[in-house]
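Have a look at the structure below, then the notes.
No hydrogens, no waters, no symmetry mates; every other heavy atom, side chains included, goes into these values. Because the structure is a prediction, the values reported are computed rather than measured. Labels below follow one simple rule: chain letters A, B, ... track the order of the sequence lines, proteins then strands, and each chain is numbered from 1.
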Amino acid sequence: MAATATAPGAPTTRLGKQAVEIDDRLIVAGPLRRTLNKVFPDHWSFLLGEIALYSFIIALLSGTYLTFFFDPSLREVVYEGSYAPLRGVEMSAAYDSALNLSFDVRGGLFMRQVHHWAALMFVASIVVHLLRIFFTGAFRRPRETNWLIGVVMLVLALLMGVTGYTLPDDLLSGTGLRIISAIILSVPVIGTWAHWAVFGGEFVGELIIGRFYIAHVLIIPAILLALIAVHLLILVKQKHTQFPGPGRTEHNVVGNRLFPTFAAKATGLLFIVFGVIAALGGLVQINPVWLWGPYNPAQVSAASQPDWYILFLDGSTRIFPAWDINLPGDYTIPALFWPTVVVAGAMFTVLALYPMIERKLTGDTASHHLLQRPRDVPVRTSLGMMGLTFYGVLMLSGGNDVFADKFDVSLNAMIWFGRLGVIVLPPIAYVLTYRICLGLQKHDREVLEHGIETGVIRRLPHGEFIEVHQPLGPVDEHGHGILAYGGAPVPKKMNQIGGARRAIRGFFKPIEEPAQVELEQRAEGRGLAAEESRELTSSGRPSEGGRPSEGGRPQEPRD
Amino acid sequence: MSTHDTRPGSSGGADTPGPLHGGPDDDYTPEQLAAMPREDLDRLGARYDGVEVLHVDPGPEPGSRLEKRAVRQVGLVFTLAGLSAFAFVVVYVGSGWFFPDWQWDVTETGWSAFFTPLLGLTMGLALALVGVGLVLYTKKLLPHETAVQDKHDGSHFDRVTTGATLVGGLHNSGLARRKLITRSLGFMGGGLGLMLLMPLGGLINNPNTGNPLGRTSWAEGVRLVRNDGSPIRPGDQEPGSLETVFPAVPGGNRQSDAATMLIRLRPSQLAEARPREGQDDFGYGDYVAYSKICTHAGCPVSLYEQETSRILCPCHQSQFDVTQGAKPVFGPATRSLPQLPITVDDEGFFVARGDYPEAVGPTYWNRERI
């Protein structure tokens, strides 16, 4: 160690000396450099998982704040707080403390709403992140484990939502709890036993809020935290996937190093997510529990909907026909069992097993680090759209009473729409998506073969009109492009290949000379004249100053 | 890591410092490193980590108009973020001090109604602007570099040597030969696992003791009372109206299975009423009483549409026809709402003639058996 300290080039600044002191003790310079040098690919859709992570952090922080004031107890108390309409009303201590938190704690209402919004955002970003992973094929080997962990985390996030939603013990959440109780009761054979285990007896008992509370603030978050850690460790170990593009192969990652670019962008996103949720928490009212009143098993309000992520189960329950199954020996499988336990169970099982199912169907067991464009895998994309349509109809049916009311249609018609739609619409979505995928594929090939439509119409000497096409690369003797499709976006507009110079910078008035930009671009040799240049740019997006999209340039098939 | 240490292992018991940990210090002497400029050192380290910086778009020219403008922008955004943060502090601390009180009153539309929105606005702006500033900084002022890092498959060497260590340990333990130990280990593991699960047995209670799901507080002679505890006479209700009633027992209005709907049928409804078999005499005059707990998922069915005689459950839209013994006529519910047999006591108030003849609320596995 002494060798480092006395060697030439030993640090002379105070900071440098301290760094050496630290490294003498911990030997972290090597791992730290490796971390700083780690390359992350650059694409907006890779930020969706980050949004989920940041929302979770906010939910943890704001939730911890809420625990300082919340009393998870069903003990009967009389409300004496500052919200006049409920003063003197008997209610549970849980609801009482939720009201106090909202009205008698400075900034408490803000924090409670931030917590609720963060929770909604958490589930929403998980779902969108999952869709990105699904439609681009990022779950393929070697990332099946992370897919599985992700699906488990989604289920846990839903459980977080359900348990958290129940805690304030207002009329709406109590009604939700009543339905949860009925769902548990509906499980064949063990239903009543399971109910007695969860509730400690008949609905509602005294224990359930306390049990949901500890599940909500300790058990589930602890599991989630552990899974997030594993999820991220596997991600770092396996490195990120990337979209096909110039220089991108199955054996590398092209992008920015962690430090400083990626770190700055990720921190920026963190703050933006924090900011959006804080703004929502203050400006957009959510779950005003004081309006619902305390839970009373004899009362309910119309248009009672759960939070959006449970809406699909509410919908499936609403549209499922009244089919009790009576078994010999006077046993019954309640109709409620199918649209809740079975539908949810089947949906998440299929989702979790999808990577294995696809591997079985395609026989593709190779490792993949390059993503696929949804159009290039029409079957998967169509299956996904089919699933989304199924989910969408269920979700719509979850709010069918609101639709019936607002659009003045018959509620029964809405239910029949749901019943038929859930069966008829998914196959239609499959066929439509499949056709669209094929159409997009065809168009990609057409542009590669014939070039981009320039919009220039020319009249040939014999009177025929033709549209001039700009080939994307070298052509054969028939004038057909010889570039093959490489899985990357094909430019389809002249501007994407430098048909126009980039936009002049400046918002109200230009801050650079147009002539200067022209010269600069000519010097860089971009545009049509520089077809051969295969140099990499920081990103293929045309949005970056409107430069010609190198990322969109078709590539030779690789590997 | 792209390079592998090929040096022999530990130097044995020698009390001298071995080679330095990590990078290739043998290949680069401190003198050589000291002679290299910072950029080269950065690239060298990156290369050692399997990263090649391919292309750098330098940031704007120092001192150029472009740079000055970008610096001004970023600085402005950060300043605004700071201002918003201070505004949050002022709103939070100042309410009830130099601003009006923050505590909200239902009647009020002044400062207190804006307190929470202002908190959200200021904190949201502050945090979001920090983010926007960082993104602007990265986009406009940092050099854009494109780096490429290699991805490596697992090394065969590592697999074979790790495997040898693992299998070696297992082999030395002799577990494969020592059957008694493996078997006793299995036995032990099963036992311990089971033992540790046992305390969860505290959660298990028998749901069939005393048939709690099939019984309510209703019994012969129990009065039907309103939420406030007042009893009801036949004449108190208009024809076609519905009232929610509870058993006159302590806490009866908070019980989850006792809520009952007392409905007075209109003469036309009464004329076409077809009660369930064996329950013709459950009503009293033009009054009938049905459980308010939906037989589907247990929500209180509460929307009574007089014209169609239908009761709608707002949770899942099951619809019950009161003239047909509260039979489900649409939606997911499968069973009629149980009917409470009622009569009038000596003082002329409604009383129950007994408990519900069947379990109220959602269906479960052995409902028919108890």
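A 6.0 Å sphere centred on OH of A:Y83 holds more than 12 heavy atoms belonging to other residues, nucleotides or ligands. Within 6.0 Å of atom CD in A:E90, 12 or fewer heavy atoms from other residues, nucleotides or ligands are found, so the atom counts as exposed in its surroundings. Within a 6.0 Å radius of CZ in A:F262, other residues, nucleotides and ligands contribute more than 12 heavy atoms.
Residue A:N326 does not touch chain B at all, counting heavy-atom pairs closer than 4.5 Å. Contacts between B:Y137 and chain A at a heavy-atom distance below 4.5 Å are absent for every atom of the residue. Residue B:T116 touches chain A through both its backbone and its side chain, counting heavy-atom pairs closer than 4.5 Å. Proximity to chain A (any heavy atom under 4.5 Å) is shown, for B:L200, by neither the backbone nor the side chain. Heavy atoms closer than 4.5 Å to chain A are found in the side chain of B:V51, but not in its backbone. Using a 4.5 Å cut-off between heavy atoms, B:F246 contacts chain A through its side chain alone, with no backbone atom that close. Contact of B:V93 with chain A is made through the backbone alone, with heavy-atom distances under 4.5 Å. No part of B:L136 comes within reach of chain A, as not one of its non-hydrogen atoms sits under 4.5 angstrom from that chain. Contact annotation for B:V53: only side-chain heavy atoms (C-beta onward) come within less than 4.5 Å of a heavy atom of chain A. Heavy atoms closer than 4.5 Å to chain A are found in the backbone of B:A333, but not in its side chain. Within the 4.5 angstrom heavy-atom criterion, only backbone atoms of B:N253 (N, CA, C, O) approach chain A. For B:R69, the part sitting under 4.5 Å from any heavy atom of chain A is the side chain, from C-beta outward, and nothing else.
Contacts with chain B were tallied for A:S181, A:G176, A:G107, A:G315; A:G107 has the most, counting heavy-atom pairs under 4.5 Å. Counting heavy-atom pairs closer than 4.5 Å to chain B, the top residue among A:G174, A:G108, A:G191, A:G329 is A:G329. Listed options A:R33, A:Q299, A:E202, A:R419 were ranked by heavy-atom pairs under 4.5 angstrom with chain B; first place goes to A:R33. Among the candidates A:F40, A:F320, A:F203, the residue making the largest number of heavy-atom pairs closer than 4.5 Å to chain B is A:F203. Residue with the most contacts toward chain B among A:A29, A:S102, A:P297: A:P297 (heavy-atom pairs, distance under 4.5 Å). No other option in A:L336, A:I277, A:T332, A:I272 has as many heavy-atom pairs under 4.5 Å with chain B as A:T332.
Taking the six-membered ring where the residue is Trp, A:F110 and B:F88 present tilted rings, their angle falling between 30° and 60°.
Checked for salt-bridge contact, A:E76 and B:R254 meet the test: a charged N lies under 4.0 Å from a carboxylate O. The pair A:D324-B:R367 fails the salt-bridge criterion, with no side-chain N (NZ, NE, NH1 or NH2) lying under 4.0 Å from an Asp/Glu carboxylate O.
With sequence neighbours excluded, the residues that form a side-chain hydrogen bond (donor to acceptor under 3.5 Å, both in side chains) with B:E305 are B:T308. Qualifying side-chain hydrogen bond (donor to acceptor under 3.5 Å, both in side chains) partners for A:K38, counting only residues two or more places apart in sequence or in other chains: none.
Judged purely by distance below 3.5 Å, without hydrogens or angles, the side chains of A:N412 and B:Q319 pair a donor atom with an acceptor atom. For the 3.5 Å distance criterion, the side chains of B:E145 and A:N256 fail to qualify, holding no donor opposite an acceptor. Side-chain atoms of A:D314 and B:H316 include a donor-acceptor pair closer than 3.5 Å.
For the pair B:N366 and A:T192, the minimum side-chain heavy-atom distance is below 4.5 Å. Under the 4.5 Å side-chain criterion, counting only non-hydrogen atoms from C-beta, A:E250 is not in contact with B:K151. Contact check for A:R106 versus B:Y92: side-chain heavy atoms found under the 4.5 Å cut-off. Counting heavy atoms from C-beta on, the side chains of B:I204 and A:W193 come closer than 4.5 Å. A:V254 places a side-chain heavy atom less than 4.5 Å from the side chain of B:T146. Residues B:C299 and A:I179 meet the side-chain proximity criterion, which asks for heavy atoms closer than 4.5 Å. The closest side-chain heavy-atom distance from B:L134 to A:F271 is below 4.5 Å. B:H296 places none of its side-chain heavy atoms less than 4.5 Å from the side chain of A:P334.
Across B:T138, B:L142, B:V135, a single residue satisfies side chain to side chain contact (heavy atoms under 4.5 Å, CB included) together with A:K265, and that is B:T138.
Across A:W196 and B:N205, no two heavy atoms sit closer than the pair CD1-CB, 3.6 Å. Across all their heavy atoms, A:L283 and B:P117 have their closest contact at CD2-O, 3.4 Å.
B:Q149 contributes no side-chain N or O that, together with a main-chain N or O of A:V253, makes up a donor-acceptor pair within less than 3.5 Å. Using modelled atom types, no side-chain atom of B:Y364 and backbone atom of A:I333 make a donor-acceptor pair closer than 3.5 Å.
Remark: A:R318 fails to qualify as a cation-pi partner of B:F330 under the 6.0 Å distance and 45° angle criteria applied to the six-membered ring.
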